[in-house]
Amino acid sequence: MPDLLQIGGVTDVMRGRLEEAFTIHKLADGSYPAEAITHIATNGHDGVPAEVMASLPNLKMISCYGVGYDAIDVSVAKSRGVMVTHTPNVLNAEVATTAVMLMMACYRELLRDDAWVRSGDWEKTGNAPLTRSVDNQKVGILGLGRIGQAIADKLAPFGTTIVYHSRTQKDVAYQYYDNLTDMARDVDCLICITPGGPATNKIVNREVLDALGPEGTLINVSRGSVVDEAALIAALQDGRLGWAGLDVFEAEPHVPEALRAMSNVVLLPHVGSATVETRAAMGALTVDNLLQHLAQGTVISPVPECVGM
Ligand code: A2R
């Protein structure tokens with residue numbers, strides 16, 4: 001059987017299917033037969049370390065469990081003729097739910113009010129302070145792609161006005177901004193859902209956060225690298241930005257103490273797609289890509305750079 005290098009974890013179902021077709025070697029075990037490895041199963045967080053890719057002369061394909069693949073150097077892979085696949089679409093609805101959940105938790109002070117009940121404050125001091133309505137907000141989506149559109153769809157019943165920023169204008173009815181700061185100035189809530197990587201590194205900077213302003217809410221379900229985390233902390237501490245709901249961070253799983261200490265922030269441990277149902281679908285597509293590549297030399301969901309390879 002061909003040899004597969006497993007980077008990071010896989011589910012039991014994935015492992016069961018992979019074991020029928022491959023001899024599996026785990027990077028975590030410390031050694032692997034470099035010459036023999038033809039396929040890699042990895043994920044969006046672990047990606048493929050450059051030295052690992054360089055050590056595999058006969059690598060043919062990398063299958064990534066996740067839609068974001070900024071932890072894989074696709075230009076190097078492509079230059080070597082190595083196909084890279086990912087798992088788009090099957091997680092759109094779940095990540096969109098996470099974005100909407102974070103937005104609602106910020107607006108309706110879910111964590112504060114949960115603590116209000118648990119601490120006994122309700123009995124001791126009376127009703128909790130009022131919160132803000134999620135209804136009829138103007139929401140700017142940074143990156144109106146597959147997931148961005150799913151977020152817009154999920155917000156529609158709330159009477160939301162959607163606007164968006166991306167590099168190119170899309171064929172949609174929402175207002176387009178070619179400048180992110182201008183959009184941030186005009187919206188109540190900014191939701192980040194672009195890919196990570198150099199092109200989007202810290203594009204949500206101090207200027208954008210100040211434009212969003214003291215009544216504004218920032219939601220990030222994309223990559224921690226998209227937001228300047230130090231500028232975000234300073235803006236929240238200074239009251240220049242109102243609220244933040246964050247699923248992703250610059251140096252995961254490390255989350256700065258300053259963020260953890262703030263009550264106007266809702267924090268999640270990068271669980272945008274992390275439900276049993278969606279992870280099963282992502283796992284199935286990750287394995288389907290590997291098995292189809294093995295059987296036919298083709299794949300189901302190549303990353304855009306590898307389409308047509
Ligand atoms: O810029 P465009 O026209 O290529 O639109 C894409 C936008 N985008 C950007 N917007 C502003 N500045 C950039 N440098 C930039 N680069 C890309 O992000 C498009 O509207 C959107 C990405 O959409 P999709 O490719 O359909 O990705 P999907 O499946 O929605 O996932 C987005 C990301 C993943 O890469 C993971 O990092 C995360 O969500 O889970």
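Since the structure is predicted, the reported quantities are computational estimates derived from the model, not experimental observations. Just so you know, ligand 1 is whichever comes first in the structure, and atom 1 is the first atom listed for that ligand. We number each residue from 1, following the sequence as shown.
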Inset, instruction - Can you see which heavy atom on Tyr176 is nearest to which on Tyr164, and at what distance? - result: CD1-CE1, 3.3 Å

Legend entry - Where at least one partner belongs to residues 252-292, residue pairs that pass ring-ring contact (aromatic ring centres under 6.0 Å, His included), sequence neighbours excluded: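 Those involving residues 252-292 do not exist here.
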
Would you give me the side-chain donor-acceptor pairs under 3.5 Å for residues 23-35, sequence neighbours excluded?
residue	atom	partner	partner atom	Å
His25	NE2	Asp3	OD2	2.5
Tyr32	OH	Ser55	OG	2.7

Legend entry - Over 12 non-hydrogen atoms of neighbours within 6.0 angstrom of CG in Asp12: no

Inset, instruction - Would you check if Ile7 and Pro49 make a side-chain contact, meaning some heavy-atom pair closer than 4.5 Å? - result: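 In short, these two side chains touch, coming nearer than 4.5 Å.
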
Legend entry - First-shell residues of ligand 1 [heavy atom, distance under 4.0 Å]: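 Close residues (ligand 1, cut-off 4.0 Å): Val67, Gly68, Gly143, Leu144, Gly145, Arg146, Ile147, Ser166, Arg167, Thr168, Lys170, Ile193, Thr194, Pro195, Ala199, Thr200, Ser222, Arg223.
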
Determine all donor-acceptor pairs shorter than 3.5 Å in which one atom belongs to a side chain in residues 184-196; sequence neighbours excluded.
residue	atom	partner	partner atom	Å
Arg185	NH1	Asp182	OD1	3.1
Asp186	OD2	Tyr177	OH	2.4
Asp188	OD2	Lys138	N	2.7

